[in-house]
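Just so it is clear, the values below take in all heavy atoms, side chains as well, and ignore hydrogens, waters and symmetry mates. Since the structure is predicted, the reported quantities are computational estimates derived from the model, not experimental observations. The sequence lines fix the lettering, A, B, ..., with proteins before strands; numbering per chain opens at 1.
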Amino acid sequence: MAGSDRTPTWIVVGRTAEGITAARVDDAGAEIDRRAVADVTAWVGAVEAAAAPRWVWNDTPSWYDPLLAAGVRVSRCHDLRLSHAILRDSADVTDATALRAATEWDAAASDTTDVAPTLFDLDTTPGSALPDALDDVLAEFHRQRTALDAAGDRGRLRLLIAAESAGALVAAELRAAGLPWDAAAHDALLTEALGPQSAPGGVPRELERAAARVRDALGDPGVSLDSQPKLLRALHRVGVLAPSTSKWELSEYDHPAIEPLLEYKRLARLMSANGWAWLAEWVHDGRFRPVYVPGGVVTGRWASSGGGALQLPRQLRGAVRADPGWVLVVADVAQLEPRVLAAMAGDTALADAARGRDLYAGIVERGTLQTRAEAKIAMLGAMYGATTGDSGRLVPALRRSFPRAMALVDEAARVGEDGGVVTTRLGRTSPPPSMQWRAAQARAGEPDATEGDESRARRWARDRGRFTRNFVVQGTAAEWALAWLADLRGRLAALPPVSEPDAAPRSGTAFARHAHLALFLHDEVIIHAPAGQADAAAHAAVEAAQTAARLLFGTFPLDFPLDVRIAATAQKD
DNA sequence: TTCCCTGGCGCG
DNA sequence: AAAGCGCGCCAGGGAA
């Protein structure tokens with residue numbers, strides 16, 4: 001790149017007739033220059049090492065997966081697809097007309113489950129339906145800058161977009177590195193519970209035994225236990241008049257078939273969700289590599305696709321096992337959502353109850369409720385909008401003790417019921433109500449509306465109220481977690497690489513010698529680190545939590561304490 | 001045959 | 001204990 005000696009803050013990449021082309025853009029948004037890049041991987045690696053710009057691209061996995069595969073990491077990016085979705089809907093953006101018109105940017109992300117990303121290969125079609133021509137990419141970048149410049153609170157939106165984009169980098173890196181998974185330990189666990197692996201189509205011994213006990217007790221040797229209607233009929237025939245076959249319904253009944261049936265369900269679940277088939281499909285070379293989907297949930301939480309990364313069963317945590325000479329650092333945030341609620345509401349009473357201790361214990365100490373269990377279900381009920389049962393009964397006590405926090409969620413619910421939108425701490429805004437929803441509300445207001453019209457409108461309004469009530473808390477918690485991840489990622493990358501690669505490094509070239517994130521689960525991370533860096537990694541997680549709190553809530557006096565464990569496996573007690 | 005819905009259960 | 005938020009996945013079963 002000739003000319004300017006200024007550090008290029010932004011480098012926008014896309015296709016032109018010359019191939020992959022990079023345009024440097026200054027802080028004012030003006031293009032400085034552009035150049036065609038033949039060897040993208042080598043060039044990005046060199047520029048990153050020299051200047052660490054913010055890479056601007058249409059979609060992170062399309063660009064970053066091949067870079068990671070070649071061992072190249074970048075520190076910062078601006079993911080146009082994710083940023084588009086945030087800006088398009090944000091209440092802070094006063095005029096989103098241009099963004100809403102650019103519907104091609106609403107296209108789905110590239111499907112990273114396909115092997116062999118093709119973006120660098122000009123002869124094949126791109127792996128994503130998103131625009132990738134440099135001029136289109138620059139135009140979208142410009143639209144987003146314009147929207148941001150005019151935004152009511154551009155500071156927080158910039159923070160959100162940076163955090164969201166950092167999350168996209170983390171997601172790609174998590175997949176590239178993988179979660180260390182001991183297939184032999186997993187197999188042993190399955191064999192212990194189910195008996196030895198059966199031939200294809202066969203039923204493992206313990207599953208068969210439980211099934212036989214159920215059929216015995218039901219006096220029906222042929223009944224199918226996997227078909228809900230058939231099972232329900234069989235239960236009714238022997239006098240178990242449960243309304244469904246859910247385990248919490250069944251456990252209410254006293255019949256010899258219940259205990260083996262619950263056992264059968266437990267084993268069948270293990271077999272179908274995380275059995276040998278799952279192991280063969282998802283664990284290769286000692287690594288579980290799920291697909292994370294940043295921004296996949298309306299609230300801003302991540303989703304996952306394939307392998308059920310975000311449902312890692314407690315039962316299987318023992319199979320998560322560090323490589324020889326390495327350890328796992330498992331860190332999770334205690335009571336993230338109620339802390340987030342206290343901080344965003346500025347509720348000093350709730351913050352006092354939470355500071356430096358278990359939040360629920362603090363509520364009990366304060367005399368608001370009698371037991372920790374009560375405090376917990378009351379708090380969940382307040383955030384989820386419970387109206388009945390134990391939870392609904394206990395919420396009023398919280399309302400008296402923590403009026404500011406409760407007013408925040410109550411107001412979010414009211415706005416949602418009225419058809420309005422609500423916004424998280426950093427400016428992510430809930431989607432507006434659907435046409436169907438609005439039509440139902442309008443219908444109920446007409447003079448000839450039926451009882452049914454009215455009750456449906458009320459029910460849908462309350463449903464939406466519970467959604468917006470929870471959106472502000474869950475969404476802000478997701479932002480806290482993104483900020484935590486982003487900062488932690490940087491701290492881990494700054495640790496020195498270990499001098500000798502592990503005997504058989506399996507984490508991909510970019511991670512074989514570095515402490516790296518290996519799992520993210522809403523309020524928990526697992527770090528895979530060389531044993532000698534375990535303490536440093538744990539320390540980094542704690543410090544990153546403090547940074548995240550400061551970033552979102554400034555000096556509000558509330559901590560976000562972490563539970564940190566250093567061990568060979570990810571087993572929880 | 002394929003597609004979509006439901007029930008059920010795992011996770012936060 | 002099973003009400004109240006957000007997900008993904010599996011199996012069965014009916015629709016297309």
Within the 4.0 Å heavy-atom criterion, would you say [X] contacts the bases, only the backbone, or no part of the nucleic acid?
X: A/S246; result: sugar-phosphate
X: A/R469; result: nothing
X: A/Q474; result: base
X: A/S224; result: nothing
X: A/G296; result: nothing
X: A/V473; result: nothing

Given [N], is OP1 or OP2 found less than 4.0 Å from the side-chain N or O atoms of [X]?
X: A/S272; N: C/dC9; answer: no
X: A/K572; N: B/dC11; answer: no
X: A/K230; N: C/dG13; answer: yes
X: A/K247; N: B/dG8; answer: no
X: A/R466; N: C/dG4; answer: no
X: A/S304; N: C/dG8; answer: no
X: A/Q228; N: B/dG8; answer: yes
X: A/T245; N: B/dG7; answer: no

Specify the residue among A/G308 and A/F467 whose closest nucleotide of DNA chain C lies further upstream toward the 5′ end. A/F467
Nearest-nucleotide comparison on DNA chain C, the residue closer to the 5′ end among A/R301 and A/G307: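 Between the two, 5'-proximity favours A/R301.
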Is the distance between the ring centroids of A/W278 and A/H186 under 6.0 Å? yes
Nucleotide of [options] approaching [X] most closely (side-chain heavy atoms):
X: A/R314; options: C/dA3, C/dA2, B/dC11; value: B/dC11
X: A/E252; options: C/dG12, C/dG8, C/dA2; value: C/dA2
X: A/T388; options: C/dA3, B/dG8, C/dA11; value: C/dA3
X: A/H522; options: C/dG13, C/dA2, B/dG12; value: B/dG12
X: A/Y384; options: C/dC9, C/dG6, C/dG4; value: C/dG4
X: A/R269; options: B/dC9, C/dG6, C/dG4; value: B/dC9
X: A/V297; options: B/dG12, C/dA2, C/dC7; value: C/dC7
X: A/S244; options: B/dC11, B/dG8, B/dC9; value: B/dG8

Could you tell me how far apart [X] ([atom1]) and [N] ([atom2]) are, to the nearest whole angstrom?
X: A/R317; N: B/dC11; atom1: CZ; atom2: C1'; value: 10 Å
X: A/L225; N: C/dG13; atom1: CG; atom2: P; value: 12 Å
X: A/R233; N: B/dG7; atom1: CZ; atom2: P; value: 15 Å
X: A/Y253; N: C/dA2; atom1: OH; atom2: P; value: 12 Å
X: A/K265; N: C/dA11; atom1: NZ; atom2: P; value: 14 Å
X: A/L521; N: B/dG10; atom1: CG; atom2: P; value: 16 Å
X: A/W278; N: B/dG10; atom1: CH2; atom2: P; value: 16 Å
X: A/M271; N: C/dC10; atom1: CE; atom2: P; value: 13 Å

A/R366, CZ atom: more than 12 neighbouring heavy atoms under 6.0 Å: yes
Using a distance-only criterion (donor-acceptor N/O pair, under 3.5 Å, no hydrogens), is the base of C/dG4 paired with the side chain of A/S391? yes
For B/dG7 versus C/dA2, give the span between their C1' atoms, rounded off to a whole number of Å. 15 Å
Quick one: do A/L179 and A/L519 satisfy side chain to side chain contact (heavy atoms under 4.5 Å, CB included)? Show the steps, please. CA-CA 6 Å; A/L179 180 65; A/L519 182 81; 4.0 Å; yes
Cationic N near anionic O, under 4.0 Å, [X] to [Y]:
X: A/R213; Y: A/E263; answer: no
X: A/D410; Y: A/R469; answer: yes
X: A/E173; Y: A/R489; answer: yes

Aromatic rings A/W484 and A/W480: how do their planes relate, parallel, tilted or perpendicular, breaks at 30° and 60°? tilted
Taking side chain as C-beta onward, heavy atoms only, is A/F520 less than 4.5 Å from A/I526?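 SC-SC contact between A/F520 and A/I526 ruled out.
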Does the structure show a Watson-Crick or G-U wobble partner for C/dG13, both distances under 3.5 Å? Name it, or say none.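 Per the H-bond distance test, B/dC4.
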